[in-house]
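For reference, the structure is listed below as structure tokens.
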Amino acid sequence: FKRQTWLRLTWALLVSTGPGSWAQQGSQPQSIKIEGDITLGGLFPMHSRGAAGVPCGEIKREKGIHRLEAMLYAMDQINSDPDLLPNITLGARILDTCSRDTYALEQSLLFVQALIQKDTSDVRCSNGEPPIIPKPERVVGVIGASGSSVSIMVANVLRLFSIPQISYASTAPELSDKSRYEFFSRVVPPDSYQAQAMVDIVKAMGWNYVSTLASEGNYGESGVDAFLQISREAGGLCIAQSIKIPREPRPNEFEKIIKRLMETSNARGVIIFANEDDIKRVLQSAKKANLTGHFLFVGSDSWGAKSSPIQDQEDVAEGAVTILPKRASIDGFDQYFTSRSLENNRRNIWFAEFWEDDFKCKLTRPGIKYELGRRKCTGEERIGHHSQYEQEGKVQFVIDAVYAMAHALHSMHLDLCPGYMGVCEKMDPVEGQMLLQYIRAVSFNGSAGTGVMFNENGDAPGRYDIFQYQLSNVSSPGYKVIGQWTNHLRLNADEMQWSGGHRRIPDSVCSFPCESGERKKMVKGVPCCWHCELCDGYQYLLDEFTCDMCPFDMRPLKNRTGCRPTPIIKLEWSSPWAIIPVFLAILGILATTGVIVTFIRFNDTPIVRASGRELSYVLLTGIFLIYLITFLMIAEPSTAVCAFRRLLLGLGMCISYSAMLTKTNRIYRIFEQGKKSVTPPKFISPTSQLIITFILISVQLLGVFIWFGVMPPHTIIDYEEQKPPNPEFARGVLKCDMSDLSLILCLSYAIVLMITCTVYAIKSRGVPETFNEAKPIGFTMYTTCIVWLAFVPIFFGTAQSTEKMFIQTTTLTVSMSLSATVSLGMLYIPKAYVIICHPEQNVQKRKRSFKAVVQAATVSTHLSQKSNDKTNGESKIVPDRSQ
């Protein structure tokens with residue numbers, strides 16, 4: 001599926017854009033073409049990455065021109081060698097990647113044009129003959145690319161057309177995955193090797209605490225990933241921080257990186273996989289922060305032995321240990337390159353641009369404006385005489401890559417074309433899969449005298465030189481070889497010196513002993529390194545490596561070396577949460593007692609009789625119990641207290657609202673019946689009313705006793721309710737085994753009675769005012785509903801509070817006291833006031849028949865509908881209770 005996707009993408013690019021469409025936007029030539037019997041492709045970063053919208057930037061003298069000329073030099077040597085590919089001339093098609101992976105992908109499509117069949121059957125010349133279309137040269141193998149990200153992008157296309165590729169500089173470990181890049185090989189070792197070498201260097205210096213820095217991209221990130229993985233596997237090395245440098249750093253980005261590194265200042269060793277620009281800016285920021293001599297850098301091959309990253313930052317870079325694939329300067333190339341001129345190197349289409357940049361002069365070229373203030377090139381300048389020259393570090397590997405391809409072709413020619421001069425039919429065309437097998441089998445001494453070979457992943461063996469930049473106490477400051485790495489490290493510690501010329505290797509240590517109550521958290525795979533972690537929350541230090549939770553009923557000691565019992569609390573009578581409910585309950589009990597005493601004292605007076613003595617006493621008993629429950633809710637929980645809480649919590653309200661419901665139902669039935677006939681309804685006598693009330697009450701009692709049987713009351717200590725993050729404030733709460741849900745269920749029946757009573761009160765609102773307490777009961781129920789509507793959000797809204805028990809107990813008791821006070825205040829306080837203060841009003845009115853009562857109510861209702869501003873029921877009506 002992936003292969004088909006890449007083929008479609010490649011074909012779309014060929015059809016829609018055509019190779020070089022980006023390059024055509026500028027004036028730069030696209031490629032170098034050198035004729036030959038067999039054509040090799042070449043990919044080199046001739047220019048830097050361009051600014052936004054522009055693919056290519058400035059010419060790259062070393063990484064571009066030097067490496068390109070190394071390929072041309074190698075081809076010249078091979079073509080002139082009578083023993084290597086005799087009578088076969090190597091040609092080339094060389095492209096500029098502009099250090100950009102997407103641009104390189106587009107350019108590399110030139111390599112596969114010859115392998116894509118184009119239908120020209122419908123194309124004819126003016127004379128009707130089929131057209132003669134020149135066939136593009138067939139590229140049998142590609143030398144390149146330089147950057148790992150570019151090689152990855154190009155390798156995905158070349159593998160579709162079975163074109164082998166040998167890179168001279170791409171070191172990303174990802175390219176060793178032959179399931180994805182089977183046609184990719186390289187003459188440089190992958191970063192995993194140098195990561196192993198760097199781990200060995202760090203351990204040889206006795207460091208066990210370092211940070212890593214990586215430039216964003218395949219090279220930096222994969223290099224650091226390899227270092228981290230190897231360090232974990234090796235053990236004994238701790239990574240303090242792993243920081244990535246963005247591809248497009250923001251202002252002050254590097255100052256922030258230095259600050260982050262200083263957050264773990266003990267990790268003085270810094271492993272850096274970064275490009276030259278990032279290395280230089282890191283050194284600049286360290287110098288700006290006055291940290292010269294603090295950091296101990298270990299640089300990858302991108303730093304190597306280059307002078308450009310440390311220019312003007314030598315004091316900060318002093319002591320830096322760097323690594324570079326083992327190489328040698330190729331004398332033959334120096335002679336070749338320094339002899340290049342504008343006259344003898346016309347095949348390199350970018351050489352004129354290099355000439356201008358190298359000699360800081362300007363050539364007169366068609367279409368190019370002459371830059372004022374810059375001298376004109378004479379053409380007589382000489383490289384190395386009129387400009388500085390130093391062979392670029394990867395020149396050796398470019399030459400080895402070309403020779404590896406040539407040796408593979410030579411072996412293939414010997415097998416397929418024995419004794420044949422030139423390219424035989426079996427090698428025309430060259431089959432890519434077969435050529436790859438010959439490439440992987442090559443083994444020869446390279447340009448530096450070291451062996452060139454490939455393992456099963458197409459990687460070259462790891463051979464590195466270890467350098468240290470030394471500044472003090474040396475005759476010539478610069479990089480000095482202090483060791484080598486070829487599968488194992490050979491480091492000469494006596495040759496090393498550090499900032500200020502000190503010989504002793506500085507420390508970059510990992511961990512200090514943990515303090516009391518802190519455990520050692522071992523870094524995974526690195527047993528010598530740990531972080532000290534406080535046993536937080538409710539943990540205590542079990543041993544030096546383990547924090548364990550205290551038992552649920554305990555909390556840790558202050559030094560967290562053990563556990564201690566959690567204090568037990570309950571709602572105290574002296575608490576502000578208890579004082580207010582108790583005060584309201586005492587006032588309510590006194591008032592209720594006063595009303596009951598008054599009613600008993602004046603039991604046979606008209607007002608008491610008219611209010612329905614029997615139900616009034618029942619209702620007042622319920623109000624008294626509602627006030628009484630406050631004391632049970634605040635009292636210290638015990639089995640008896642918990643039992644009475646269950647029994648009385650809903651019973652008081654149930655008694656009150658059962659009595660009120662019976663009253664309002666009786667009034668409603670009387671007047672509804674009166675509209676139909678003069679016969680009074682059934683069950684309106686006091687005895688009937690009491691029976692109905694007690695039946696309603698018995699439902700609550702039945703539910704409570706069933707609850708007793710299913711789950712006998714008992715006390716519990718809740719350690720979760722008051723368990724804040726700080727264990728010093730943890731408390732166990734002594735409480736009854738009543739959850740929020742069971743409490744609401746206990747009150748639910750009373751609430752149903754209250755709602756039903758409210759409904760009847762609304763239906764009976766047309767009854768004459770003060771008639772048998774219909775309207776006071778209505779106002780009582782409306783107000784009670786408001787009180788309980790306010791109770792619900794307060795009660796449940798505090799469920800997560802650490803003061804939950806106190807807030808909910810206070811809210812519940814105050815709400816119940818308020819509802820009882822509303823009932824007492826609206827139904828009985830006015831009557832008690834009249835009985836005591838105005839006894840002259842407590843007289844018998846004339847009795848009226850049931851029919852007269854109903855007629856009076858009907859007339860009053862009609863009058864109230866006609867004139868809302870007139871009062872109704874001006875005369876008190878005392879029904880004939882004998883009916």
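Every value quoted in this text rests on a predicted model; they were computed, and no experiment measured them. All values below come from the heavy atoms of this structure, side chains included, with hydrogens, waters and symmetry mates left out.
For Glu174 (side chain) and Ser222 (main-chain N/O), no donor-acceptor pair under 3.5 Å exists by modelled atom type. A donor-acceptor distance shorter than 3.5 angstrom exists from the side chain of His410 to the backbone of Leu85, with no hydrogens or angles considered. Between the side chain of Arg159 and the backbone N or O of Arg180, at least one donor-acceptor pair lies under 3.5 Å.
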- prompt: Yes or no on ring-ring contact (aromatic ring centres under 6.0 Å, His included) for Trp355 and Phe351, after CA distance, side-chain angles and deciding distance?
  reply: CA-CA 6 Å; Trp355 196 269; Phe351 196 71; 5.7 Å; yes
query: Hey, mind stepping through Asp334 and Tyr389 against side-chain hydrogen bond (donor to acceptor under 3.5 Å, both in side chains) and telling me if it holds?
result: CA-CA 9 Å; Asp334 288 340; Tyr389 166 73; 2.6 Å; yes
field: Trace of the side-chain hydrogen bond (donor to acceptor under 3.5 Å, both in side chains) decision for Asn345 with Glu69
entry: CA-CA 10 Å; Asn345 199 26; Glu69 290 293 341; 2.7 Å; yes
message: Determine whether His413 and Leu416 satisfy the following criterion, side chain to side chain contact (heavy atoms under 4.5 Å, CB included), listing intermediate values before the conclusion.
response: CA-CA 5 Å; His413 184 267; Leu416 299 182; over 6 Å; no
- request: Would you sort out whether Leu213 and Ile245 count as a side chain to side chain contact (heavy atoms under 4.5 Å, CB included), showing the intermediate values?
  value: CA-CA 7 Å; Leu213 268 179; Ile245 303 171; 4.2 Å; yes
- prompt: Could you walk me through whether Leu489 and Ile466 pass the side chain to side chain contact (heavy atoms under 4.5 Å, CB included) check?
  reply: CA-CA 9 Å; Leu489 178 68; Ile466 314 298; 4.2 Å; yes
- prompt: When you look at Lys426 and Tyr420, which way does the side chain to side chain contact (heavy atoms under 4.5 Å, CB included) test go after all the steps?
  reply: CA-CA 11 Å; Lys426 290 184 178 180; Tyr420 191 86; over 6 Å; no
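To the nearest 0.5 Å, atom NZ of residue Lys326 and atom CD of residue Gln396 are 10.0 Å apart. Put simply, CZ on Phe297 and CD1 on Ile272 are 6.0 Å apart, with the number rounded to the nearest 0.5 Å. With values rounded to the nearest 0.5 angstrom, Ile32 atom CD1 is found 5.0 Å from Ile94 atom CD1. A distance of 10.0 Å separates CG of Asp225 from CZ of Phe273, quoted to the nearest 0.5 Å. For the atom pair Leu95 CG and Tyr103 OH, the distance stands at 8.5 Å (nearest 0.5 Å).
Arg93 and Glu137 are joined by a salt bridge, as a carboxylate oxygen and a charged side-chain nitrogen come within less than 4.0 angstrom of each other. The pair Lys60-Glu58 does not count as a salt bridge, with every side-chain nitrogen at least 4.0 angstrom from each carboxylate oxygen. A salt bridge is absent between Arg440 and Glu456: the closest approach of a Lys/Arg side-chain nitrogen to an acidic carboxylate oxygen does not fall below 4.0 angstrom. The existence of a salt bridge linking Asp76 and Arg347 is confirmed by a sub-4.0 Å separation between a basic side-chain nitrogen and an acidic carboxylate oxygen. Under the 4.0 Å criterion applied to side-chain N and carboxylate O atoms, Glu392 and Arg67 are assigned as salt-bridge partners.
Relative to the six-membered ring of Phe184, Arg186 misses at least one condition, a distance below 6.0 Å or an angle of at most 45° to the axis.
Partner Tyr219 forms a side-chain hydrogen bond (donor to acceptor under 3.5 Å, both in side chains) with one of Ser148, Ser300, Ser170 and no other, that one being Ser300.
In this structure, the side chains of Thr212 and Phe227 come closer than 4.5 Å at one or more pairs of heavy atoms. Looking only at side-chain heavy atoms (C-beta outward), Asp301 and Thr171 come within less than 4.5 Å of each other. Put simply, the side chain of Phe359 does not reach to within 4.5 Å of the side chain of Phe354, judged on heavy atoms. Between Leu90 and Leu409, the closest side-chain pair of non-hydrogen atoms falls below 4.5 Å. The shortest distance between side-chain heavy atoms of Asp459 and Pro189 does not fall below 4.5 Å. Side-chain contact between Pro164 and Val142 is absent, with no heavy atoms from C-beta onward closer than 4.5 Å. Within the 4.5 Å cutoff, the side chain of Asn218 has heavy atoms near those of the Ile152 side chain. Here the side chains of Leu105 and Val157 are in contact, with some heavy-atom distance below 4.5 Å.
Relative ring orientation between Phe44 and Tyr168 is described as parallel, the plane-to-plane angle staying below 30° on a 0-90° scale split at 30° and 60°. Between Tyr193 and Trp485, the ring-plane angle classifies as tilted under the 30° and 60° cut-offs. Classification of the Phe333-Phe337 ring pair by plane angle, with boundaries at 30° and 60°, yields parallel. Between His47 and Trp350, the ring-plane angle classifies as perpendicular under the 30° and 60° cut-offs.
More than 12 non-hydrogen atoms from other residues, nucleotides or ligands lie less than 6.0 angstrom from CD of Glu253. Annotation: Gln433, atom CD; neighbour count of heavy atoms from other residues, nucleotides and ligands within 6.0 Å is above 12.
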